[in-house]
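A short write-up of the structure that comes next.
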Amino acid sequence: MIDLMPLPNNFFAGDGLNTGGYTWQRRSTSDFNQLNVKVDHNINPSHRVTASYLRETADAVNGFMAQPFPNAPGGNTTTPGTTYSLKVTSTLTPNLVQETSFGALRSRLRFNAPWETPEGLASLPRINNQPYVIDFLTITDPLRLDNDPQGRLSPNYQWRTKTSYNKGKHTLKFGGELWFVSTNGFNSFDVMPRAVIGNGAQPVLGMAQVPGIGQNQAGAENLLNNLTGSLASFRQALNSPGGRNPQFLAGEGKQRTWKQREYYLFFQDDWKVSRNVTLNLGMRYEFYGVPYDQNGRTAGLAGGSGSVFGISGRDASALFRPGAADGALTQVALMGRNSIDPLRNLYHNDANNFGPAVGISWGLPWFGKDKTILRAGYQMGYERASFRILDVVAGDLPGLRVVETQTNGAGYTNLNGLRLPLSSSVAPLATVPLTDRTQTLRTFDTGMRVPYAQNFNVSVTRSLPGNFTLDVRYVGSKGTRLVRGADMNEHNIFETGILEAFQIAQAGGNAPLFNRIFNTANSFNTIAANTTLQGHLANGNVGSFARFLNETDLQTGVRGGLLRRAGLPENFIVTNPQFASARMTSNFASSTYHSMQIELNRRFTKGVAAHW
């Protein structure tokens with residue numbers, strides 16, 4: 001790997017003797033290409049076909065994980081996207097028009113790491129034919145290691161039909177839409193094994209006795225570790241492809257193909273009530289199916305969203321109740337279409353999504369003929385679930401991914417002592433123990449509903465002398481059942497007495513609760529001797545102090561050990577002590593918007609207009 005580094009040419013960097021900098025001009029491109037084709041064809045006077053094709057590509061050499069040195073491999077990005085559309089318009093009678101359209105959008109985004117090219121892969125060292133990368137100390141890594149391969153393909157297919165019919169004072173429109181929405185995304189974070197150079201548990205010996213070493217000791221030790229391949233740690237992520245008997249596999253990336261089925265039905269009537277009054281009446285029905293992973297890797301909580309409260313209970317009554325024991329250990333399970341439990345979904349279907357629309361335009365008979373127009377409208381619409389939120393909540397649950405980290409224990413290990421690939425110490429979907437307390441649990445509320453928004457508007461338009469037009473408008477909206485996440489594992493500082501104990505410690509006293517937790521009669525000295533606790537105390541961060549008590553392995557070697565040793569319940573500080581965070585996504589939010597808008601326009605001669 002070091003062979004990829006050129007000799008230094010900039011001695012303003014480095015120590016001027018053993019290390020130096022390198023200055024060069026790195027190649028970088030950003031190429032964008034577009035092809036657009038459109039065909040209109042009149043089959044006969046009554047039928048017309050329109051077809052279009054759009055192809056866009058964007059490529060960037062060194063646009064991702066750029067090469068640090070001229071001979072080192074670098075990453076790139078590729079972004080091809082294709083759009084197709086076909087529309088057929090048929091004028092069946094002078095007052096009846098039928099429109100049918102089909103559209104497809106396939107957008108792709110790919111971030112390619114340096115080792116995904118043949119040259120980059122060939123530059124990597126191997127153990128048992130398993131390539132790995134090296135994270136050096138103090139010097140620039142020959143290959144960028146701050147990211148990993150990832151990408152997504154988001155196909156979107158739509159079919160739509162609309163019929164328009166004119167009858168007297170009515171213009172009727174009705175039809176429907178069918179959408180097939182999906183996204184196929186993957187990432188390979190830490191799937192490529194990483195060897196982290198460093199002392200580990202065995203420090204460099206004898207360097208302090210080198211004559212004249214002085215302040216260069218740390219730099220010399222780092223340089224020695226780099227050259228000898230001394231390992232501080234080695235890590236590799238293992239993912240599981242799911243299935244009935246899931247296993248963790250080396251080289252397997254995290255991949256999900258999320259799919260959702262949607263359809264809409266609508267009816268609209270534009271009614272010319274009189275010369276001065278027009279009504280717009282409509283109704284729209286929207287259905288959004290519960291999304292799922294095509295390959296059966298949709299993860300949720302066994303027992304539904306109530307399991308997010310863990311051992312404390314099954315609903316919000318479990319919050320802030322130290323010692324509550326009305327629940328059970330949280331278990332992650334696969335569910336949904338194509339999984340081992342196809343009848344269970346992330347949340348229930350919501351089929352009651354009717355959205356009315358009403359509008360009026362009225363030419364007021366007062367203050368001059370055709371001088372003043374009143375317009376008002378109301379519309380209700382629903383919102384599709386975000387695939388990004390879905391991928392975080394149902395795609396990142398503990399159980400199908402584990403990052404194994406190997407350290408050298410009490411001895412010395414270098415690259416010659418590695419054995420690859422690493423194997424997992426836990427089975428997929430295993431129950432997270434109470435001694436973990438590091439992972440994040442997420443779930444959708446089983447009873448979550450489709451969010452919706454209501455839009456309101458009222459405006460008055462007045463024609464003024466001198467070709468002026470004045471518009472005064474009110475525009476408002478209200479969002480209801482909006483989707484947000486909330487952490488059920490808020491750190492309890494009130495019912496536990498931690499706040500009072502914290503205040504005693506801030507005053508320099510020994511709180512009985514902290515004496516019990518730290519197993520000492522002088523807890524203030526224990527806190528003052530720990531830089532982390534001392535910082536929380538000095539800054540008044542009582543919540544962070546409580547989190548430290550809940551998650552630390554201080555004095556016991558086991559997370560949560562301080563509370564356990566003191567005889568306090570596992571859920572003394574958080575509701576679900578298996579996890580650092582236990583987040584539920586549901587209809588927790590709402591929004592309100594109001595605005596007053598005033599607009600003045602003037603038309604001049606020869607097509608010139610002004611706007612204020």
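Just so you know, these numbers come straight off a predicted model, no measurement behind them.
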Practice problem: Might you work through the side chain to side chain donor-acceptor pair (under 3.5 Å) test for Arg297 and Gln255, ending with a clear yes or no? | Solution: CA-CA 9 Å; Arg297 286 177 284 201; Gln255 188 274 337; 2.5 Å; yes

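- Note that Arg337 lies in the cation-pi zone of Tyr292, set by a 6.0 Å cut-off to the ring centre and a 45° limit from the axis.
- Not one N or O on the side chain of Ser590 forms a donor-acceptor pair closer than 3.5 Å with the backbone of Gly479.
- No salt bridge links Asp391 with Arg152; every basic N to acidic carboxylate O contact stays at or beyond 4.0 Å.
- Judged by distance alone, with hydrogens and angles left aside, the side-chain atoms of Thr443 form no donor-acceptor pair with the main-chain N or O of Met584 at under 3.5 Å.
- Shown are Asp293, Asn184, Thr298, Leu390; of these, the side chain to side chain contact (heavy atoms under 4.5 Å, CB included) with Arg256 is made only by Asp293.
- Panel note: side chain Asn345, backbone His348; no donor-acceptor pair is recorded below 3.5 Å.
- A salt bridge is defined here as a Lys NZ or Arg NE, NH1 or NH2 lying under 4.0 Å from an Asp or Glu carboxylate O, and Arg564 with Glu570 meets this definition.
- A salt bridge links Asp396 with Lys254: at least one charged nitrogen is closer than 4.0 Å to a carboxylate oxygen.
- For Asn519 and Arg565, the side-chain atoms include no donor-acceptor pair closer than 3.5 Å.
- Using cut-offs of 30° and 60° for the angle between ring planes, the Phe502 and Phe545 rings count as perpendicular.
- Counting only heavy atoms from C-beta outward, the side chains of Thr330 and Leu441 approach each other to under 4.5 Å.
- One finds no salt bridge joining Glu490 and Arg547 here, because no Lys/Arg side-chain nitrogen approaches an Asp/Glu carboxylate oxygen to under 4.0 Å.
- Contact annotation: the side chain of Leu415 approaches that of Ile134 to within less than 4.5 Å [non-hydrogen atoms, C-beta and beyond].
- Closest heavy-atom contact between Phe518 and Ser523: CD1-CB, 4.2 Å.
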Quiz item: Taking it one step at a time, do Asp315 and Ser317 satisfy side chain to side chain donor-acceptor pair (under 3.5 Å)?
Solution: CA-CA 5 Å; Asp315 54 36; Ser317 66; 2.3 Å; yes

Self-check item: Candidate pair Gln247 and Ser240, rule side chain to side chain donor-acceptor pair (under 3.5 Å), full reasoning
Solution: CA-CA 5 Å; Gln247 302 293 324; Ser240 172; over 6 Å; no

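- Side-chain contact annotation: Gln331 with Ser307, donor-acceptor N/O pair under 3.5 Å absent.
- In this pair, Tyr452 and Tyr382 present their aromatic rings tilted. The plane angle is within the 30 to 60° band.
- If you run side chain to side chain contact (heavy atoms under 4.5 Å, CB included) between Asn510 and each of Ile527, Thr520, Asn515, only Asn515 comes through.
- Put simply, the side chain of Ser339 gets close to the backbone of Gly336: a donor and an acceptor are under 3.5 Å apart.
- No side-chain donor from either of Ser581 and Asn489 sits under 3.5 Å from a side-chain acceptor of the other.
- Between Ala528 and Gln534, the shortest heavy-atom contact is O-NE2, 3.5 Å.
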Quiz item: Which is it for Gln236 and Leu422 under the side-chain contact (heavy atoms from CB on, under 4.5 Å) test, yes or no, and what are the steps along the way?
Solution: CA-CA 7 Å; Gln236 181 179 14; Leu422 299 182; 3.7 Å; yes

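- A distance-only check finds a donor-acceptor pair linking the side chain of Asp148 to the backbone of Asp190 [under 3.5 Å].
- Atom CZ of Arg126 has more than 12 heavy atoms from other residues, nucleotides or ligands within 6.0 Å.
- The shortest non-hydrogen separation linking Val393 to Leu397 is O-CG, 3.4 Å.
- Dense packing is recorded around CZ of Arg384, with more than 12 heavy atoms of other residues, nucleotides or ligands lying under 6.0 Å away.
- Without hydrogens or angle criteria, Asp135 side chain to Val196 main chain gives no donor-acceptor distance under 3.5 Å.
- For the pair Asp141 (side chain) and Arg144 (backbone), a donor-acceptor distance under 3.5 Å is absent.
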Quiz item: Are Gln439 and Val432 close enough, and set up right, to give a side-chain contact (heavy atoms from CB on, under 4.5 Å), and what steps lead you there?
Solution: CA-CA 9 Å; Gln439 302 186 67; Val432 176; 3.9 Å; yes

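- Annotation for Asn539: atom CG counts as buried by contact number, over 12 foreign heavy atoms lying within 6.0 Å.
- Listed here is the closest heavy atom pair of Leu301 and Val308: CD1-N, 3.6 Å.
- Put simply, the side chain of Asp350 never gets that close to the backbone of Arg449: no donor and acceptor are under 3.5 Å apart.
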Practice problem: Check step by step if side chain to side chain donor-acceptor pair (under 3.5 Å) holds for Asn225 and Asn199. | Solution: CA-CA 7 Å; Asn225 286 328; Asn199 285 337; 2.8 Å; yes

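- The nearest pair of heavy atoms linking Ser230 to Gly198 is OG-O, 2.8 Å.
- Looking at residues two or more places apart in sequence or on another chain, you find a side-chain hydrogen bond (donor to acceptor under 3.5 Å, both in side chains) between Thr438 and Asp436.
- Among all heavy-atom pairs drawn from Thr440 and Pro398, the shortest one is O-CD, 3.5 Å.
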